[in-house]
Amino acid sequence: MAENPLEWQNEQNRVEEVLRIIKNKIKKYEKQAGGIKGDIVELRKNFWDDVTVNVDNAKERVETEAALRQQSELLSERERSHGQLDEQLKKLTRMKDSPYFGRFDFQEEGEKEAEKIYIGIASLMDENEEDFLVYDWRAPISSMYYDYSPGPAQYEVMDGTISGEMEVKRQFIIRNGTIKGMFDTGITIGDELLQEVLSNAASTKMNSIVATIQKEQNQIIRHEKSKTLIVQGVAGSGKTSAALQRVAYLLYRYRQIMSADNILLFSPNPLFNSYVATVLPQLGEENMMQTTLQQYIESQLEQRMELEGPAEQMEYILTERGQQGYEARRSGIKFKAGLEYKALLDHYFDSLSNSGIVFNELTFRGETLISTEEMEDYFYSLDDSYPISNRIDQLKDWLLEMLNKAAKQERKKDWVAMESELLDKEDYLNAYKKLQEKQSFNEDTFDDFEREEKFLARLIVNRHFKPLRRFVKTLRFLDVKETYANLFKNRHVAEEANKLFPEDWGSICDQSLKALDQNILYWEDAIPYLYLKDQLSGRTPNLNIRHVLIDEAQDYSPFQFEYLKNLFPYSGVTLLGDFNQAIYAHTFGTKTLLAKESSEEESVEKISLKRSYRSTREIVEFTKGLIENGEEIEAFNREGTKPVLIETNDRASLNTAIVSRIKDFQSKGYESVAVICKTMKETKAAFQDLHNEIPIKMITEETYTFEKGVTVIPAYLAKGIEFDAVVLYDASQYSRESERKLFYTACTRAMHELAILSIGDPGLFMNEAQSDTYIALEEN
């Protein structure tokens, strides 16, 4: 720690000088912004007064267009300038409380003196705009702060490598313009600063970690060597935080060619989207696009299909064991997740070139206009050397042509004349205006009545045919559901594909067909279904997205990931996850994507994070004993209390013990306490038991915001979120080896304290846990 009072005072004086400059710049920019805003208001108010509109001849039309363009460009320039000033003001406002968090002194080779480099969330120039007072943490020179101890150091620039000597490395804790802590360190980030940050209470929003980025996290943030980066990080290792800082770095590094609209995050659930929503704005960047895989799939499905989400699938696996069809469903989930099933679908798709595609007939007013048989005959009459998607396009054009012919026939029918008499006044007025416009360019000799009658007939029929044309243009004449269902009806297809498939394939087919008949799409069928749909329609890849991040990637199946790769073929990819938290059914007994990727692929690089920062050392020492190879996990040196185990006799005493632990946690000042249950069914029961005893909120898959207080939540929805204290609800319910990672996931949500309760025997995993890593308490 920098104990020298004079050094401390010098640093405080510098903070105050930097804050003075920040305040002066804020005043300056606010004045400029006010003036520009006035210009914008004036320009908008007088826009047409300053332009003479004359279109009587070609020359005057050109002059009018030039004047309009000039006025529009002037307004756009003023609006751009105002936007830039507004961004500057936001940046300076963020720096007012803490202008920087680090410093190092670097003497470049060939230079006589070392330069003092101060690091903050954004760059700041002096009042003359000549020298940097603060460097943005993403600037190339700033990388040395995260990567080197005092001694030889270097950083990369466009022209090569700059080498030299780092002489001093210092970290600051600055609050409200006052230095609260100052540490000189020989490591990346001193434990004192990290301790101060990690000891804070859990937040309802994930925060920026730029002041505490570790060397291995910095490798993730600045990685540019390969197209795909895989981050395998243990629970609480900061992998998601590092990935979000990576987004901010990419937006800074490639700001000329990439914006937030070019980056897409696939997150595990809507609650997580809310949890991470403030990180980028804290760093002065707009939020990237965020979605879940379920939300994306739902956006692509027909409205009549009901999608089973991953949470519903998880609930089925956890609660329906022993029910009829359970083992077949579980077998189907695993098979449909793999690339063997994708190969089967590819074989099936090839067979559709000659027969098997199902079409939806086109009907109008209860009568068939074009039957499925007519569509099938036309489609399969086309040259089969052309791709299926091209022939679908040809079929679409033919259908639109047939609809035009049918529409002309409909205009002569009695229902059209009857409907024209019932048109309201507004429809007549619009028709009259359009007719007048046509008459001014048409010299036909029809009388007005006959012309109006034909025009109204066309208007009425076109209005009724508009949904049909939209139906055709969006390819909804393709019956994807029945075409997909035929894979399960024609069971010989799997045998013809000469691929390995489960012995209980017949039962899997029966289950799949039963769900599809009810318009239910199982979660394991969702991506295969979209894959077939895209193959049929010839979906083009997404070229707008330049980088894709997938959090909790261990829960994605190989098929799901392959689909996303095809959807975004030209995008960089960052995969984040922890194979110790792979809790979904398709991952049981198999390697996840995080472990599967071959190092032989030049476009893939893998970084492992083994140090856990979220939980106290005592909680980490307990949880790492729950999983295979847990000894590889390193605990950050933050002391706390050991987890406690409390065995109760029945549900009533369990609830009493839970309330007691929650009140104890609250008395210690913990603002975020979670009661984590195994399933949603258990979560709802716990909520009913507890909500009359203490204020408590229930989190479901429909919850979109995370609030402080006491919450009850199923373990599979708690992934990626952290709480000050966790009460694990009835450990005795975790009785199968397949639930080990779910149990581990629940326990690793705790930052400061963990209490594990059970009714009777605490179950498989607590019985295996090392007794010296937790404290067994007697029920009160």
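Quick note: numbers below take in every heavy atom, side chains included, and nothing from hydrogens, waters or symmetry partners. Please read these numbers as outputs of a predicted model, since none were measured by experiment.
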SB check [X] [Y] (cutoff 4.0 Å):
X      : Y      : answer
Arg170 : Glu7   : yes
Lys610 : Glu634 : no
Glu628 : Lys741 : no
Arg611 : Glu216 : no
Glu11  : Arg103 : yes
Glu17  : Arg20  : yes

Value rounded to 0.5 Å, distance of [atom1] in [X] from [atom2] in [Y]:
X      : Y      : atom1 : atom2 : result
Asn262 : Ile545 : CG    : CD1   : 6.5 Å
Thr703 : Leu717 : OG1   : CG    : 8.0 Å
Ile721 : Ile699 : CD1   : CD1   : 6.0 Å
Gln581 : Ile627 : CD    : CD1   : 8.5 Å
Lys28  : Leu85  : NZ    : CG    : 9.5 Å

Q) Is Arg246 positioned over the aromatic face of Tyr249, cation under 6.0 angstrom from the ring centre and no more than 45 degrees off axis? A)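 No.
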
Q. Under the 6.0 Å and 45° cation-pi test, does Lys169 pair with Tyr148?
A. no

Between [Y] and [X], is there a side-chain heavy-atom distance shorter than 4.5 Å?
X      : Y      : answer
Tyr29  : Leu92  : yes
Glu621 : Arg617 : yes
Glu618 : Thr641 : no
Tyr146 : Trp137 : yes

For [X] and [Y], test the side chains for any donor-to-acceptor distance below 3.5 angstrom and give the result as yes or no.
X      : Y      : result
Thr240 : Asp551 : yes
Asn10  : Arg14  : no
Asp261 : Asn544 : no
Thr161 : Gln154 : no
Gln554 : Asp578 : no
His752 : Thr616 : no

Tell me whether the count of non-hydrogen atoms from other residues, nucleotides or ligands lying under 6.0 Å of [atom1] in [X] goes above 12.
X      : atom1 : value
Glu127 : CD    : yes
Glu113 : CD    : no
Lys668 : NZ    : yes

Under 3.5 Å, is there a donor-acceptor pair between the side chain of [X] and the main chain of [Y]?
X      : Y      : value
Gln560 : Ser557 : yes
Ser123 : Tyr135 : no
Asn128 : Glu130 : no
Gln217 : Leu609 : no
Lys624 : Ile633 : yes
Ser615 : Val620 : no
Glu16  : Asn13  : no
Lys719 : Ile583 : no

Q: Report the residues that fulfil salt bridge (charged side-chain N to carboxylate O under 4.0 Å, His left out) with Glu224, sequence neighbours left out, ordered by chain and then residue number.
A: Arg253

(Q) Which label fits Tyr556 and Phe266: parallel for a plane angle under 30°, tilted from 30 to 60°, or perpendicular past 60°? (A)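 If you compare the ring of Tyr556 with that of Phe266, the planes turn out perpendicular.
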
Q. Between Phe636 and Tyr613, what is the ring plane arrangement, given parallel below 30°, perpendicular above 60°, and tilted in between?
A.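 Aromatic pair Phe636/Tyr613 classed tilted.
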
Q: Start with the C-alpha distance between Leu19 and Met95, add both sets of side-chain angles, then the distance that settles side chain to side chain contact (heavy atoms under 4.5 Å, CB included), and finish with yes or no.
A: CA-CA 8 Å; Leu19 288 178; Met95 297 176 76; over 6 Å; no

Q | Taking every non-hydrogen atom, the tightest pair across Leu626 and Cys747 | A | CD1-SG, 4.3 Å

Q) Can you list the steps and then say if Thr574 with Thr228 is a side chain to side chain contact (heavy atoms under 4.5 Å, CB included)? A) CA-CA 6 Å; Thr574 301; Thr228 300; over 6 Å; no

